[in-house]
Amino acid sequence: MYSQGLNKDVSPGTGQEAAAELEAFQRRVDAEDKIEPNDWMPEAYRRTLTRQISQHAHSEIIGMQPEGNWVTRAPTLKRKCQLIAKIQDEAGHGLYLYSAAETLGMARAEMLDQLHTGKAKYSSIFNYPTLSWADIGAIGWLVDGAAIMNQIPLCRCSYGPYARAMIRICKEESFHQRQGYEIMLTLARGTPEQKAMAQDALNRWWWPSLMMFGPPDGDSKHTAQSMAWKIKRFTNDGLRQKFIDATVPQGHYLGLAFPDPELKFNEETGHWEIGPIDWDEFQRVLRGEGPCNQQRLARRRKAHEEGAWVRAAALAHAEKRRARAAKKQAA
Ligand code: FAQ
């Protein structure tokens with residue numbers, strides 16, 4: 001929809017012209033200028049952003065499923081209302097992000113097609129099951145916590161539409177994080193069974209949450225270029241460490257233990273150090289072999305098919321309004 005408003009001629013030049021354009025582009029990025037949809041940009045910058053923003057949008061939409069699993073089983077009416085509001089927020093985030101990605105020239109239908117055919121990735125974290133109510137607390141605390149750590153720097157991304165979308169998203173994510181932590185606190189201070197549920201959720205979500213930040217810096221193929229373009233402001237490992245340092249004391253305040261015998265505080269560096277992350281597990285999930293990959297995609301495809309009549313009705317309605325307005329103007 002937004003791609004319709006784009007200038008047609010933003011294609012890269014050739015030879016000397018391209019070199020001059022590239023240099024001018026990098027100068028703007030270095031000067032912290034925002035790049036806007038109709039500005040000239042290198043094709044690789046456009047591709048990187050389209051990939052990242054659309055995958056981010058897919059993550060928000062697929063991320064509704066693990067939490068949706070608990071709407072009918074939330075323990076109180078208040079918890080149910082909070083959970084529904086949170087899931088609705090995630091849908092909104094997906095929609096802002098699809099809109100931001102559309103400004104780069106790719107139609108939403110194509111992005112959705114890439115998701116449904118398995119060509120586009122979405123965050124590995126959403127391929128894990130939500131087995132107990134405590135998982136809803138752990139998702140808010142850890143998954144939204146990791147998402148905020150990654151997304152606050154994206155508010156300063158060089159691409160204007162993405163940076164602006166992230167500002168509101170981050171505000172909402174911080175409410176999500178607090179509601180999750182409050183669920184964990186309630187369980188941790190509850191009966192021994194409730195505390196055990198909270199501990200079990202931390203055991204299962206801790207390592208996958210650390211994987212959300214992406215592969216280690218040495219294996220991250222996009223980081224160097226994305227940092228030069230100021231799309232990313234920190235490396236994957238840098239953000240992961242910030243998250244660990246912020247989260248470990250929160251877990252200890254809950255009276256819970258992290259599932260990592262090697263976790264220790266380094267007095268000299270002032271950082272928490274962790275044991276090795278199982279990157280084979282991460283790669284398996286990315287290949288579609290995680291516990292819920294197939295279920296998540298099947299459910300998404302089915303929802304898309306079942307929504308076909310809504311899209312058709314919205315288009316018919318828009319066409320009717322357009323024809324009515326044209327007739328009024330002609331009269
Ligand atoms: N899962 O070279 P890098 C949320 C892929 S939103 C799956 O390091 P990059 C809200 C990567 O795409 C969570 N794939 O890549 C919520 C690349 O793919 P390629 C989503 C991953 O882009 C909460 C390849 O591996 N957040 O949680 C993952 O520089 C609760 C190589 O990696 C965002 O999307 C992964 N974990 O850095 C919703 C934030 N990590 O090129 C509901 C925006 C990496 O092979 C409930 N994205 N890959 O196709 C980013 O900041 C970056 O894209 C990174 C990856 C940091 C994720």
Side-chain angles (χ1 to χ4, degrees), residues 44 47-70 83 85-94 96-97 100-101 114-115 118-128 130 135-157 159 162-163 165-166 169-170 172-177 179-180 205 207-229 231-240 243 277 279 281-288 290 293 296:
R47 269 200 311 277
T48 294
L49 276 167
T50 307
R51 173 189 60 81
Q52 178 168 324
I53 304 174
S54 62
Q55 291 186 1
H56 192 166
H58 300 330
S59 304
E60 302 279 359
I61 299 297
I62 297 275
M64 296 162 72
Q65 291 188 32
E67 294 182 309
N69 191 30
W70 282 88
L83 182 59
K86 178 181 190 300
I87 296 170
Q88 198 172 330
D89 284 352
E90 308 301 358
H93 300 172
Y96 317 148
L97 288 165
Q114 289 186 346
L115 172 65
K119 198 174 154 206
K121 294 188 170 78
Y122 57 86
S123 183
S124 49
I125 193 75
F126 301 118
N127 292 304
Y128 292 85
T130 41
D135 288 12
I136 300 304
I139 289 182
W141 172 37
L142 299 173
V143 176
D144 284 279
I148 296 168
M149 198 54 90
N150 165 272
Q151 289 171 189
I152 293 279
L154 289 174
C155 297
R156 292 189 292 125
C157 167
Y159 188 57
Y162 193 25
M166 290 320 302
I169 292 179
C170 283
E172 293 178 351
E173 299 290 27
S174 72
F175 153 71
H176 297 169
Q177 196 270 352
Q179 69 83 39
W205 289 92
W207 291 108
S209 300
L210 299 184
M211 294 174 195
M212 281 177 75
F213 294 92
D217 290 352
D219 297 337
S220 167
K221 56 185 172 186
H222 300 296
T223 293
Q225 183 60 72
S226 287
M227 287 189 63
W229 279 331
I231 293 172
K232 286 169 91 161
R233 298 281 176 159
F234 295 94
T235 68
N236 298 355
D237 286 335
L239 285 175
R240 192 169 8 252
F243 173 72
I277 294 175
W279 291 113
E281 174 180 324
F282 175 71
Q283 291 302 338
R284 275 198 304 280
V285 174
L286 257 56
R287 280 200 305 273
N293 293 61
R296 300 286 186 244

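For the single chain, residues carry numbers from 1 onward in sequence order. When a ligand or atom number is given, it counts from 1 through the structure's own listing order. What's counted below: heavy atoms across the whole structure, side chains too, no hydrogens, waters or symmetry copies.
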Can you see which heavy atom on Pro215 is nearest to which on Arg240, and at what distance?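 What the structure gives for the nearest pair is O-NH2, 3.6 Å.
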
Heavy-atom closest pair, residues Trp279 and Gly214: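 Answer, listing the atom of Trp279 first, then Gly214: CH2-O, 3.2 Å.
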
Partners passing side chain to side chain donor-acceptor pair (under 3.5 Å) against Thr130 (at least two apart in sequence or in another chain)
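For Thr130, the residues satisfying side chain to side chain donor-acceptor pair (under 3.5 Å) (neighbours in sequence not counted) are Asn69.
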
Q.
For ligand 1, give me the residues whose heavy-atom distance to it is below 4.0 Å, by chain and number please.
A.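 Contacting ligand 1 under 4.0 Å are Arg51, Gln52, Gln55, His56, Ser59, Glu60, Gly63, Glu67, Lys86, Glu90, Lys121, Tyr122, Ser123, Ser124, Phe126, Val143, Asp144, Ala147, Asn150, Gln151, Leu154, Tyr162, Glu173, Met211, Met212, Phe213, Gly214, Pro215, Ser220, Lys221, His222, Lys232, Asn236, Phe282, Leu286.
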
Gln52-His222 side chain donor-acceptor pair, cut-off 3.5 Å
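Absent: no donor and acceptor within the cut-off.
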
Please check if any side-chain donor atom of Tyr122 sits under 3.5 Å from a side-chain acceptor atom of His56, or the reverse.
->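 Per modelled atom types, Tyr122 and His56 side chains form no pair under 3.5 Å.
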
Can you classify the ring geometry of His93 versus Tyr96 as parallel (below 30°), tilted (30 to 60°) or perpendicular (above 60°)? tilted

